[in-house]
**Q** 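Got a structure here, written out as structure tokens. Questions coming.
Below, all heavy atoms of this structure are taken into account, side chains as well, without hydrogens, waters or symmetry copies. Letters go in sequence order (proteins before strands), and every chain restarts at 1.
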Amino acid sequence: MVEPHPSGPEADGEAVDEYTEEVLSVVERIPPGRVMSYGDIAEYVGRGGPRQVGSVMSRWGGGVPWWRVVRADGRPAEGHLVRARSHYAAEATPMRPGSDRVDMREARWDGGSED
DNA sequence: ATAATGACGTCGG
DNA sequence: TCCGACGCCATTA
């Protein structure tokens, strides 16, 4: 969905391309307590790869629920672990016991219905 | 045109 | 389960 003027996550003053908007819109739809991997998002969007999604998140992730985007093994982006943890606790995201990794089997969201 | 880079993923040891 | 090597894909240098 392309907004005519900045009012969403891209309200930073700069224009974003279509791919970026699409990735961000998917991230925004991930329900609380659920996650998607970079690869999942790339596949869902249908172009680019995990690294492209990573680039988008690095540049624009600040305006969306970035902690709901994790690596395929369930670990949040390196350097964001501490902040991500508090969000997981607040949303009761399923975690693997005794680790900082999300339980992908439980928390992975396919983009379909919210459950 | 070639090489390096990056909020990644998969495979083998 | 942990780790390193290699693969991927678009962007930048």
Side-chain angles (χ1 to χ4, degrees):
Chain A
M1 171 185 300
V2 183
E3 309 273 326
H5 70 85
S7 64
E10 63 280 358
D12 133 320
E14 294 180 45
V16 298
D17 58 46
E18 193 179 322
Y19 181 72
T20 298
E21 288 229 18
E22 207 161 329
V23 168
L24 294 178
S25 75
V26 172
V27 175
E28 287 182 313
R29 289 170 41 196
I30 304 176
R34 308 300 296 279
V35 300
M36 271 180 101
S37 75
Y38 295 89
D40 289 342
I41 295 173
E43 207 176 306
Y44 189 84
V45 169
R47 55 179 168 135
R51 321 214 55 155
Q52 276 50 250
V53 174
S55 286
V56 171
M57 290 306 286
S58 176
R59 173 79 178 87
W60 303 98
V64 296
W66 52 264
W67 58 91
R68 296 177 193 156
V69 182
V70 300
R71 290 195 181 199
D73 62 3
R75 284 181 338 202
E78 184 66 41
H80 294 258
L81 175 60
V82 179
R83 264 165 295 173
R85 262 205 213 118
S86 52
H87 284 290
Y88 297 147
E91 321 185 334
T93 304
M95 302 295 290
R96 301 185 66 175
S99 78
D100 294 305
R101 294 168 10 187
V102 173
D103 184 337
M104 295 306 281
R105 200 185 48 171
E106 287 290 324
R108 197 177 196 197
W109 186 59
D110 53 17
S113 74
E114 307 214 342
D115 242 318

**Q** Which residues pass the side-chain hydrogen bond (donor to acceptor under 3.5 Å, both in side chains) test with A/Asp103, not counting sequence neighbours?
**A** none

**Q** For A/Asp110, is the CG atom crowded, meaning more than 12 foreign heavy atoms sit under 6.0 Å from it?
**A**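 For A/Asp110, atom CG is crowded (more than 12 foreign heavy atoms under 6.0 Å).
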
**Q** Tell me what A/Ser55 touches on the nucleic acid: a base, only sugar-phosphate, or nothing, going by heavy atoms under 4.0 Å.
**A**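 No contact.
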
**Q** Among residues at least two apart in sequence or on other chains, which ones pass side-chain hydrogen bond (donor to acceptor under 3.5 Å, both in side chains) with A/Arg108?
**A** A/Asp40

**Q** Let me have the donor-acceptor pairs involving side chains of residues 89-96 of chain A, under 3.5 Å, with sequence neighbours excluded, atom names and distances please.
**A**
| unit_1 | atom_1 | unit_2 | atom_2 | d |
| --- | --- | --- | --- | --- |
| A/Glu91 | OE1 | A/Gly33 | N | 2.9 |
| A/Glu91 | OE1 | A/Arg68 | NE | 3.3 |
| A/Glu91 | OE2 | A/Trp67 | NE1 | 3.0 |
| A/Glu91 | OE2 | A/Arg68 | NE | 3.3 |
| A/Glu91 | OE2 | A/Arg68 | NH2 | 2.7 |

**Q** Could you work out, with ring pair (Phe, Tyr, Trp, His ring centres under 6.0 Å) as the rule, every residue matching A/Trp109, not counting sequence neighbours?
**A**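 Result, ring pair (Phe, Tyr, Trp, His ring centres under 6.0 Å) vs A/Trp109: none returned.
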
**Q** At a heavy-atom distance below 4.0 Å, which nucleotide of DNA chain B is the first touched by chain A, and which is the last?
**A**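 Nucleotide range with atoms under 4.0 Å of chain A: B/dG6 to B/dT10.
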
**Q** Mind checking A/Arg71 for me? I need base, sugar-phosphate or nothing, with any heavy atom below 4.0 Å counting as a touch.
**A** sugar-phosphate

**Q** Specify the separation, in whole Å, of atom CD of A/Glu43 and atom P of C/dC9.
**A**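 Rounding to the nearest Å, CD of A/Glu43 and P of C/dC9 are 12 Å apart.
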
**Q** Return the set of residues passing side-chain hydrogen bond (donor to acceptor under 3.5 Å, both in side chains) with A/Arg29 (not counting sequence neighbours), or none when no residue passes.
**A** A/Tyr44

**Q** Let me check something: any side-chain donor-acceptor pairs from residues 69-76 of chain A under 3.5 Å, sequence neighbours excluded? List them with distances.
**A**
| unit_1 | atom_1 | unit_2 | atom_2 | d |
| --- | --- | --- | --- | --- |
| A/Asp73 | OD1 | A/Arg75 | N | 3.0 |

**Q** Each nucleotide N or O in nucleotides 10-13 of chain C that has a protein N or O under 3.5 Å away: list the pair and distance.
**A**
| unit_1 | atom_1 | unit_2 | atom_2 | d |
| --- | --- | --- | --- | --- |
| C/dA10 | O4' | A/Gln52 | OE1 | 3.0 |

**Q** Can you pull every protein N or O that's under 3.5 Å from an N or O on nucleotides 2-4 of chain C?
**A**
| unit_1 | atom_1 | unit_2 | atom_2 | d |
| --- | --- | --- | --- | --- |
| C/dC2 | OP2 | A/Arg101 | NH1 | 3.3 |

**Q** Among pairs that include at least one residue of residues 48-58 of chain A, which meet side-chain hydrogen bond (donor to acceptor under 3.5 Å, both in side chains), considering only residues two or more places apart or in two chains?
**A**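 For residues 48-58 of chain A, and leaving out neighbouring residues, there are no side-chain hydrogen bond (donor to acceptor under 3.5 Å, both in side chains) pairs at all.
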
**Q** Indicate yes or no for a side-chain donor-acceptor contact from A/Tyr19 to the backbone of A/Val45 under 3.5 Å, with no hydrogens or angles considered.
**A** no

**Q** Working to the nearest 0.5 angstrom, can you tell me the gap between A/Glu22 CD and A/Asp17 CG?
**A**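 Spacing of CD (A/Glu22) from CG (A/Asp17) equals 10.5 Å.
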
